[in-house]
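Side chains included, hydrogens not; waters and symmetry mates left out as well; all remaining heavy atoms used.
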Amino acid sequence: MLRSDAWLRRALAIGVTFGLIVAASGGGTPTQSPTGGASVPPGESAQPTEESKKGGTIYILTQAEEWDDIDPQRAYTGEDLAFFGGTIMRALTAYTYSEEAVTANTLTPDLATDTGTANATADEWSFTLRDGVTWEDGSDLVCEDVKYGVSRTFANDVITNGPTYAVQYLDIPSNPVTEGDDAVFLSAYYGPYNGTGQDLFDQAVVCDGNTITFHLNQPVADFNYTVTLGFSPVPDPTIHPDLPDAVDQYTLRPWSNGPYKIEEYTQGNGGHFLLTRNENWNAESDPIRPAYPDRWEVLFGIDPKVMDQRLMASQGEDAYAVMYGNVQPENLATVFVDPETPTPDFADRAVSDYDPYSRYYWIDTNKVSNVKHRQAMAAALDRDAIRANSGGDFAGALGDGVIKPNIGQDYAETGMWTGLLGQAIPDNGDPDYARQLIEESGEPMPALTWDYPQTPTRDQEAAIVVDSLGKAGIQVTANPIPPGQYYGIVFNDDQAHEFGWAGWGPDWPNASTVIAPLFTDKGGWNISRVHDQDFVDAVQDAIATLDRAEQAKKWQDLNKLAMERVYVIPTTFGLSQVLAGTKVKPIYQWAPWGSWPYAVMYVTP
Amino acid sequence: MINVEEVEGRAQHSPERPFLSVENLAVQFKTEDGIVQAVDGVSFTLERGKTLAIVGESGSGKSVTAQAIMGLVKGMGGIVSGEIWLDGQELNRLSPSEVQALRGDEMAMIFQDPMSSLHPFYRIGDQIVEAIVAHRKVGRGAARREALEMLKHVGIPAAERRIDAYPHQLSGGMRQRVMIAMALINSPQLLIADEPTTALDVTVQAQILELIRRLQGEFGTTVIIITHDLGVVADVADDVAVMYAARIVEMAPTSEIYNKAEMPYTLGLLASIPRRDRGQQERLDPIPGNPPSPIHLPPGCVFQPRCKYWEQVPESQGDPRTVRPELVETSPRHYVRCLLPQDVRRRISHEVLQSLRGSAE
Amino acid sequence: MVGRSLRQIVWARLRRDKLAMFCLVVLVIYYMIGIFGPVIGPSLGLDPYAFDRAAISDRGGGPIGDFGGISAKHPLGVEWGTGRDILSQLLWGLRISLVVATSATLLTVTVGVIVGIIAGYARGWADMVIGRIMDLVLAFPFLLIILALSNVMTDRITDLGVPPGNPSRIAYLIIVISSFGWPYLARIVRGQVISLREREFVAAAIAMGSSRRRILFTEILPNLWAPLLVYTTLLLPAYVGTEAALSFLGVGVIPPDTTFGAMLANSVSYFRVVPTYLFIPGTILAILVVSFNLLGDALRDALDPRATH
Amino acid sequence: MSTSNGQILDVTDLRTYFPIKSRGLIPRTIGQVKAVDGIDLTLAPAETLGLVGESGSGKTTAARSILRLVQPTSGRIELDGQDITHLSSGAMVKVRRKAQMIFQDPYNALNPRHTVGGIISAPFKVQKVVPPGGVRAAVMELMERVGLNPEHYNRYPNEFSGGQRQRIGIARAIALRPKLIVCDEPVSALDVSIQAQILNLLKDLQREFGIAYLFVAHDLAVVRQVSHRVAVMYLGHIVETASQETIYSAPLHPYTHSLLSAIPIPDPAQQKKRNRILLQGDLPSPINPPSGCVFRPRCFQAQEKCAAEVPPLIEVEPGHKVACHFPIAKPPESVVVSMAEEEAEVVAGARDAGVVDSGVMPH
Amino acid sequence: MAGYVVRRVLGMVLLLFLLTLTVFFLFNMMPADPARLTCGKACSPAVIEANRHHLELDIPPIEQYQRFVSGIFFGRTFSKDTPRPIECEAPCLGYSFLRNTEVLTLIARAAPVTFWLAIGGFLTWMVVGLTLGIVSALKRGRWIDRTIMGIALIGYSLPSFFIGLVLIFFVILDWNLLPFPQWTTPDKDLGRFVQTMLLPWITIATLYAAFYMRLTRNQVLEIFGEDYIRTARAKGLPERIVVVKHALRAGLTPIVTAAGLDLAGLLGGAIITENIFSLPGLGSLAIGSVLASDLPLITGITLLTAALIIFANLIVDLLYAVIDPRVRVG
């Protein structure tokens, strides 16, 4: 139905427009050094031959009414990145296709011949392009195309919403201009459309034949992971006059360099997105995409309930469909025995696994400036009820910080609920202790309002928040916000209230993509409005730490410190459940983006 | 002409039945306040080509009587009993579709308010043509020519143009002429005119009465004219039936009614009318009181509560408060429903009419 | 004629209409429950805000037991995900549903009557300006506007001093429902006033020197109560339905409070698994709405002037 | 009797025009209905002036204009010596005590939601008059006086028959002992047997309280019954006025002749003897009245002069005025006037122009 | 008649003007900052400011409104002083920066879906509603009348979303009588089109037919009391003609009014039905625009819908003149 989880889905979908939940790694393997891991053959247990897997259509059912972004420099949603990456958009490097999270989180060369070469100080990275890679019109994909694609990131006036690591890391000065129209640009380079500072960019990114070299402004040990985000090539208009770069073009129909191309795209409820084979794709040049099905068809605006029912029934075309979303709570007990095991009826087509996201409640530290008050809120919250309401065991584990265990070495228990806040706090909250903390604060607890993107499930969560904090004498008003407007409102100082719902996942397996954006102004996700200078300094220090193990320790400490100061109240480390039709294979959650392994999927007869 | 059954309730089935014979007609309506006896035991006959006027105040049952003859009452939820013989057919026993075939063909009706009685959305010509086509197999062109002829005949000026007019484009008098044209288009044997001039101005009323009289002469139509105004029918009707509280209380040839009325109600009506042929009287002599409720009729003579003379009824006749008088023939073709002895009635009649005449110049 | 006042006639007619009387009784019961349920409820152990963690499963948060977890403790089952008692929610929800529908109706009628009387009696420019405003309001896609303005208006209402959260949201519902409903009523009233003002008793009132106020409120207003009563009776169920539709679209009260609309809207998610979520509030709502509609129809018949005179 | 000439009512050159507005965004006046087009009237205390005419003749508008229920366009209305033509509505309140009105439709004229007591006591309340003995007692006395059972004080109008309702209306009208009562077709909606009762009552009240009546009616016989003087209206003009006896026995205007001849007489013998002047068609449109004499198109006397000149209302003998170029004492035995065809669609035109809304036409 | 039409059209233009004004300023109160919405993760106040400038939100509302209106007639250019200006040709209803598409394009894409939904639903309910309403009136008080009116009452009383959902669950999910709705145009795949639209049509028809049954029944019964019906019967017309030609035609005015406005309302998007059946029509577009705070799109759709209703009002008024000759007088 429209309201229930359609809105949740919208929340996520549109939330990601601002980079809300950006996918990251799974598994527990530290991916510190750039290694050119070989691609793991897809579908290890596959009996069908390579030939028999070919053909057919895979349908993707989604509640979203359109893609958030399909511009290569704008796409920033995990599942979208996985789908586009597997079909139409190649990058220099890619993640490995494997059921194993550890393997899957390792890099593999894609457009490049290897996973990149860094100099000794890790501030200069080079990649060499493969031969025979072409655009969908048959023209060669050249080094300048990669360079051009990267340059687009700098056009802040045109390219919005996307990852901005290029601006952050490339050796180009920041824009000194602080007023007027020019202040839009973050960098002294204004992007290819404006052209200002082009020479600066040309010095930072250098094409030498098939080799592209990036000069960085700081050591970045895992820059080859960074190039999976926003570094995709776009046809350089000077080299490909037939493939014009128009903004409209790229918001609706970017040029493909993968095995498929966009045949049709209609947005909206009932709209669809059709990929057909790109005849100019050269299989030889692409080691990781077997490109089995002939077509991919994405059906927009499918009600999540209906989606569940269609996939559970798996009739007709739906047998070839996968869901882009989650199994609804009411069906979980039908599809799964427990969070690991599907029921026999769904044995080979349901997956339950940790997704990349941590869920938490941000607290505006300006509005609730007394740390004891924030601690009292954390102590009072009935996290167990929240988890039960979100699906109980299926919702995932209770969180103890913003860093999720599957990030690897950056995670360590924070002890938030076992004494960090002064004493152990049970899962269902400790109102008495909360009252005590308020007493200790020496100030009266202010009345609070809890902002949240409205869905029925979260409406009930609001009831839990209001009730459990109320037991500790904290007066809370729930403030539902239409999901599409949620982040726009909570980022607006005038409209945001004291605390609210949020979720975040790392961009790649390094807590630098978590702690920094969440609790400093770098990265733009500081909803808690943290401006603690000691914390900012510590984050800077951690980023600059080249030793990965030492860095990991610093992230662990910062995670703990953030929890002690209760910048946020962690709720769950998310678990998600997905379902596919009976004739789609292989069935597993691909760890890098918490998605289906699109590139290696095929249909059985 | 008039021939009322001696014994009410027993129908006569002679082959030489008059053109129209209504026998013991009764109409009831069920309302939530109780059963309304709208018409109770009405009987009369009417010869071909003659005019009967039914006179009565509002609620006396005169319109319902007319509509019962037309077979329109059943559609309104009324329960009709008794017999209506029209030209040898008993209408009350016919099926709805048989009655429908007769309506507008054998018998036609015109109504009080010509504005609301014409369909506001259709051209008058089309409304007449519709009446033709419903009963005769005539082409539309022929029907239209016929309608035009009839419109001319009823005195519509510039009928060629007016045939395509809508009712609201015509004045009240014109509309009533259209209604008459529509009623007469199939040359009905019987025309019932229900208060045809009440809604019209006095000058127009004169025109319409004149028209009806003229057409009746031309077509030989039998006419029942229903009115509350004794003055209107004085020179139109051959016979007059006076109704009061669902019953006929007096019936006689027209001149007899005006000159020798016997029923105190009829006399009261005559005395109530301000007349321009009389000098100004200091006071009129009205019937006291108000008409009875049709649900709660007095148990005896229905007029008794308003009758000035009821105390003069001798005991031998029965108490008018409990005994219902029958309609009896007091002189040939003059019927009266009254418990007063004939001589008393005639004396009163003489006194009242004399005083009325006395005041006339 | 046997004399009875119109009021008596109407009442007598209603009394005779068994179905209408039944509906009236049903509605009285609903209102009694709406008024007293939340007062008496707690003493019966009912609490719509109490979570019952034990009543829901760890596997998906669904209720433990058949038919939505019907048990001695929870006679109508519990809410998915929280274990809150459905019966209690119904009792408390009925109150809000009735408050929203009733207040919105009263507000609609008040505004509609005032504007309608002014438009009908004023003639000329005032009538024309009001007429254009009504046309304008009627032209708006009101669902869309209600949705689009929900947050900003709720905030404005909070700024006006209404407690934040559900009180403001309820106030928004009431205001917004009535602000799109009044023109229909105003049109009806305007028409009535236009025909009433030509009645001779108004001329008679002028002739005896009555003030304009006396004419409007003493002469004309009492003649409007019959159509108003009928309209009100039919407006109430329509507004109960509007509230449900708005809840379905996500505008409405939020937990811990609930309404029939919200319960129904939520139930749709679980309909296949727990049909009682849909059918229990659905049935209770349907009885309410149908009762109102039947009573409205009966009133219309009873007040039908053609049957009266 | 405070006027110099002792009249209770003195109306001079009264005109009431209704603008015809175009429908649409910005209504414009596109014409005028000349409902009353310059009439003079006087009325002495305890006198009855009958105002007769067909529907559309303007008699009702005239009556309402005199009481300022309709704002006259021009002219002068003097009531009991006071010029009330331009009094503010506030100032009118006091004046209204002296002049009341009785309406045609006894149901329409009584507020169905008020009790009889409420209706009859309203004048006291509105005028803030407390009669000796209190309002309730006064109302009961009034009810008794007009022939109603005072016990029915708390009943509603729908519980009464038409005649009784008209009595309620009369009781309301006489409550404040007015000097003038304008009766607008007071008996035309009543059954014949009731009509006479009401006419008698009105006469009795006049005798008792010395009330002057302006008696508006279309029924010449009824008017004759109550009036001392009669004025005949046609299309907004008074065409003839005289004492009651003169109008009925020696009329001069062709229209008066036509009207009289059209009245049916409830006596077949008389009926057959009378003159028959059959006017064709209806009243012409008051929006575009005919030039010259307004009666010309339907007149059997009409000549060229009638189209060119408006005939003035001339006093031909004391108290007898007639507006005709060719007055005639004895009309021909039988006349049928044929009529130009344009005249047929008239009233309809005015009605459709939205005049009905302004209350010109009785409905 | 011509003058009447001209006056009505002028009235409509004024109303439309008031409408654009109201809609424009109504939505200026929205809290969501469109400039913020266009700004990505790495968002600085400067970027927001600049975007505000490109979106022309930094000029006074009056001027914004002027540009908006002139855009409708003459077209306009967005992001004028950027390297990538966006041309929006007249009639320009605005540009959705969230979807990077002209509002009119989005509306034009969604309109056919809504058109088919509305027309199909409309025909279904009119046929069913009028037929059953007449039958009910003719059989007044009998069991068939009671049954029809009972059904109408229930259809009338149910929440609007309820019927569609129940239909989906039973007809599609439980009984597998129809495939899942998947919008396609009738020329592409007629079978699929009908299969997709059948339940939405039924849903809409159920909601509306109930109202029209009651309305038709009341109208016919009311007209039956009119004098001219008695005249028609007195003429001896068959009952069928009396009912259809005389009674129904005379009672058509309120039915036409309601039908015109309902159809116009539906053509502006059936928000709930379209959402339930995943139809990519204007209603879905509207909801989507509201959820995403896509102001230009909301404004455009609101305007269009309201304009449709105003236009329908005009058509209905003109239809009166066709139905009722008395209205034809200027």
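No part of D/Arg97 comes within reach of chain C, as not one of its non-hydrogen atoms sits under 4.5 angstrom from that chain. For D/Ala173, no part lies near chain C; criterion is any non-hydrogen pair under 4.5 Å.
For the residue pair D/Leu69 and C/Ala203, the shortest heavy atom distance occurs at CD2-O, 3.7 Å.
No more than 12 heavy atoms of other residues, nucleotides or ligands sit less than 6.0 Å from atom CZ of C/Phe22. Atom OH of C/Tyr184 is surrounded by 12 or fewer heavy atoms from other residues, nucleotides or ligands within 6.0 Å. Within a 6.0 Å radius of CD in D/Gln71, more than 12 heavy atoms belonging to other residues, nucleotides or ligands are found.
Checked by atom type and distance alone, the side chain of C/Glu200 never pairs as donor or acceptor with a backbone atom of D/Leu110 at under 3.5 Å. When atom types are taken as modelled, the side chain of D/Asn108 and the backbone of C/Arg199 share no donor-acceptor pair closer than 3.5 angstrom.
Of the listed residues D/Met101, D/Gln127, D/Lys94, the one with more heavy-atom pairs under 4.5 angstrom with chain C than any other is D/Gln127. Taking C/Ala204, C/Ser210, C/Ala207, C/Pro222 one by one and counting their heavy-atom pairs under 4.5 Å with chain D, the maximum is reached by C/Ala207.
Here D/His114 contributes atom NE2 and C/Thr218 contributes atom OG1; the two are 6.0 Å apart, rounded to the nearest 0.5 Å. C/Met208 CE to D/Arg96 CZ: the interatomic distance, rounded to the nearest 0.5 Å, is 10.5 Å. The structure places CG of D/Asn111 at 11.5 Å from CD1 of C/Ile215, a figure rounded to the nearest 0.5 Å.
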